[in-house]
There are 2 protein chains.
Amino acid sequence: MPQHTVKAYGDELNQLTAEVARMGGLAEAQVADAVDSVARRDIALARAVVERDARLDAMHRDIERKAIRLIALRQPVASDLRRTLAAMKLAVDLERTGDLAKNIAKRGLILAEGEPMPPLTRSIERMGKLVSMRLRDVLDAYAAAEIDRAIAVWNTDDEVDEHYNALFRELLTYMMGDPRTITAGTHLLFMAKNLERIGDHATNIAETIYYEITGQEFTGERPRWSPDAAEAAPEPLSPV
Amino acid sequence: MPQHTVKAYGDELNQLTAEVARMGGLAEAQVADAVDSVARRDIALARAVVERDARLDAMHRDIERKAIRLIALRQPVASDLRRTLAAMKLAVDLERTGDLAKNIAKRGLILAEGEPMPPLTRSIERMGKLVSMRLRDVLDAYAAAEIDRAIAVWNTDDEVDEHYNALFRELLTYMMGDPRTITAGTHLLFMAKNLERIGDHATNIAETIYYEITGQEFTGERPRWSPDAAEAAPEPLSPV
């Protein structure tokens, strides 16, 4: 195989990884901005998040196209194949993360029309910061190909769930206390759920990095959120 | 290439497609059973749905493993490569669909502890039937490789959203009328959201089938659910 072809092949792979990393940076910013826009009731920022989401969709399509092309024309094997497949998987998680950030921003726009609810939005902000941090850590782990950092993110998934459960109870108590807050409260409930799902995508990303580097599936027992423990409270509904 | 190798290769591909189809059948049953368990307050059925979900996770891992192995060892190109990649994608959507069905069943178990709410559970049942039907249709389209049927499913995504929006308003009105129903109401809200997301997965599957058959990306403007129109009601929150 002539040297220039070999080089071009390596370039394509590096380009793919770089594009995933860039997409990750954008997704991370979208989540942080979405949460800020809710916390600060910043309509302009929320609108910007909604508009910017199209870029993530385009990057997702582009990465998938390039990865498929690479598999078809270069027929990578072993670690190159894993790297290519990992790029495809990560692009999916990042695209979904962007959709969730956009949804949070849209709900923020609706909430901005109503009364402020400082304590509740502060709780959303706290949870948002935690989720953004995990997303940042796992994307750092990807950029640096650091498996320990990826595993660390994987291991802290239940912190997000704890935040979600506490927030869920707080919101229900609030809604029960004042039925006029129910509509706004449900938007906040879905925001919290969206943040919890973004946390799940960070966990997926950690698993994909583990697979890319080791060639093994991550076999830890995954801490998946489940409604029983969580949403039983505050009403006396005995958990399953 | 000796004949038996060629044959084995074709067998592997067919086996992969067949396993995806079987996984689809199981996911379809999980959704239908989860909705039935809620409608009939059937605790045994809900528990069965929760337990059976592990099989979908195992099938997902197995399909992915086989697809990667096939790409690495057989280096398929053109339609064979698309078929292999499509199998991987579909397994992801079906695994997520199973998670959502499991979540619905778990919430059903919690609701079964409280007071029945016939009108609301009937609405969930109606939406569940619609979503199950779309899932069945798109899986038929996959088994028969019928692109028109896949596109038909893709085109009816907004029916699910309309159901979701109506149900959302109905639930909020109910919760406002009687704050004691708020906890149960939120479980039903999340069930409705889970069904709406299962509808999205059916739409993803339709797009994947289109790609597998044509080699083109489906470029229709996707009817994505958004909170603005929907969840503005019933409180006077002007849509964005």
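Letters go in sequence order (proteins before strands), and every chain restarts at 1.
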All heavy atoms of B/Thr186 vs all of A/Met175, minimum pair found to be CG2-CE, 4.4 Å
Would you name the heavy atoms of A/Leu81 and B/Ala72 that are closest together and state the gap between them? CD2-CB, 3.6 Å
Output the option from B/Leu85, B/Val77, B/Leu73 having the highest count of non-hydrogen pairs under 4.5 Å with chain A. B/Leu85
Where is the tightest heavy-atom contact between A/Leu189 and B/Phe190, given as atom of each residue plus distance? O-CZ, 4.1 Å
Separation between CD1 (B/Ile182) and OG1 (A/Thr173), nearest 0.5 Å, reads 9.5 Å
Taking side chain as C-beta onward, heavy atoms only, is B/Tyr211 less than 4.5 Å from A/Ile68? yes
Residue pair B/Gln75, A/Arg74: steps toward the side chain to side chain contact (heavy atoms under 4.5 Å, CB included) verdict: CA-CA 9 Å; B/Gln75 313 199 319; A/Arg74 307 296 196 166; over 6 Å; no
Between B/Arg65 and A/Glu217, is any pair of side-chain heavy atoms under 4.5 Å apart? yes
Using side-chain heavy atoms (C-beta onward) and a distance below 4.5 Å, is B/Lys89 in contact with A/Glu64? yes
Answer yes or no: is there a side-chain heavy-atom contact under 4.5 Å between B/Met176 and A/Thr183? yes
Cut-off 4.5 Å, heavy atoms of chain A, and the answer for B/Leu171 is neither
